[in-house]
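Note sheet for the following structure.
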Amino acid sequence: MAYPLISNCPVCSKQLTITKLQCTHCHTTVENEFELSKFAALAQEQLHFIEIFLKCRGNIKEVEKELGISYPTVRGKLDEIISSLGYNAVKKTDIDKKKIVSMLEKGEITAEEAIQLIKEGES
């Protein structure tokens with residue numbers, strides 16, 4: 001039985017290194033130090049979000065529907081994952097209010113979400 005890959009040590013929480021790979025068919029074994037993918041360090045919930053995001057082809061409105069969460073929540077989860085991967089989640093401090101109004105007019109976000117986005121941009 002195969003277990004899910006863990007990326008952090010259960011004792012000290014530091015990142016683990018893979019040192020052995022084995023073929024289940026011919027039992028060939030390769031030993032060395034192998035790097036984990038950045039994605040291996042993500043939580044299951046974050047990986048699920050990425051799967052849904054890709055399935056929806058990055059359409060945030062579709063991600064909202066699929067997960068039953070608001071536009072700001074989708075953006076927040078996306079920013080969290082970007083940070084977890086070691087990148088800076090660029091947050092617009094100068095929020096484009098015209099874009100928010102346009103999204104509101106198209107029905108892509110609710111009035112409450114528009115207000116929240118504007119408040120986030122002003123803080």
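Positions are given from 1 along the sequence.
Remark: Lys14 NZ to Asn8 CG distance equals 10.0 Å, nearest 0.5 Å. Distance check: Lys97 NZ to Ile100 CD1 gives 8.5 Å after rounding to the nearest 0.5 Å. With rounding to the nearest 0.5 angstrom, the CD atom of Glu64 is 8.5 Å from the CD1 atom of Ile109. Atom OG1 of residue Thr73 and atom CG of residue Leu78 lie 12.0 Å apart, to the nearest 0.5 angstrom. Note that OG1 of Thr28 and CD of Gln22 are 8.5 Å apart. Values are rounded to the nearest 0.5 Å. Rounded to the nearest 0.5 angstrom, Ser70 OG and Glu112 CD are separated by 10.5 Å.
Side-chain N or O atoms of Lys77 include none that pairs as donor or acceptor with a backbone N or O of Glu45 at under 3.5 Å. Remark: side-chain polar atoms of Ser102 are not paired, donor with acceptor, to backbone N or O of Lys98 under 3.5 angstrom.
Gly107 and Lys61 make their closest contact through O-NZ, 3.3 Å (heavy atoms, listed as atom of the first residue, atom of the second, distance). The minimum heavy-atom distance linking Phe49 with Leu67 is given by the pair CD1-CD1, 3.6 Å.
For the pair Ile50/Phe39, a side-chain contact is recorded, criterion being any heavy-atom separation below 4.5 Å from C-beta on. Using a 4.5 Å cut-off on side-chain heavy atoms (C-beta onward), Ile60 and Glu108 make no contact. Between Leu85 and Leu42 there is a side-chain heavy-atom pair separated by less than 4.5 Å. Here the side chains of Met103 and Glu113 are not in contact, with every heavy-atom distance at 4.5 Å or above. With contacts defined as side-chain heavy-atom distances shorter than 4.5 Å, the pair Tyr71/Thr110 does not qualify.
Not counting sequence neighbours, Lys38 has no partner by the salt bridge (Lys or Arg N to Asp or Glu O under 4.0 Å) test. When the side-chain contact (heavy atoms from CB on, under 4.5 Å) test is applied to Leu36, the partners found at least two apart in sequence or on another chain are Leu5, Ser7, Gln15, Ile18, Ala40.
A salt bridge between Arg57 and Glu62 is absent, with no side-chain N of the basic residue lying under 4.0 Å from a carboxylate O of the acidic one.
Put simply, Ile118 and Val101 are part of two different groups of oily side chains (I, L, V, M, F, W, Y) that touch within less than 4.5 Å, one to the next. Residue Ile115 is not grouped with residue Leu104 when hydrophobic side chains (ILVMFWY) are merged at heavy-atom distances under 4.5 angstrom, including chains of intermediate members.
In this structure, Ile6 shares a hydrophobic cluster with Leu16, the cluster being traced through Ile, Leu, Val, Met, Phe, Trp and Tyr side chains under 4.5 angstrom apart.
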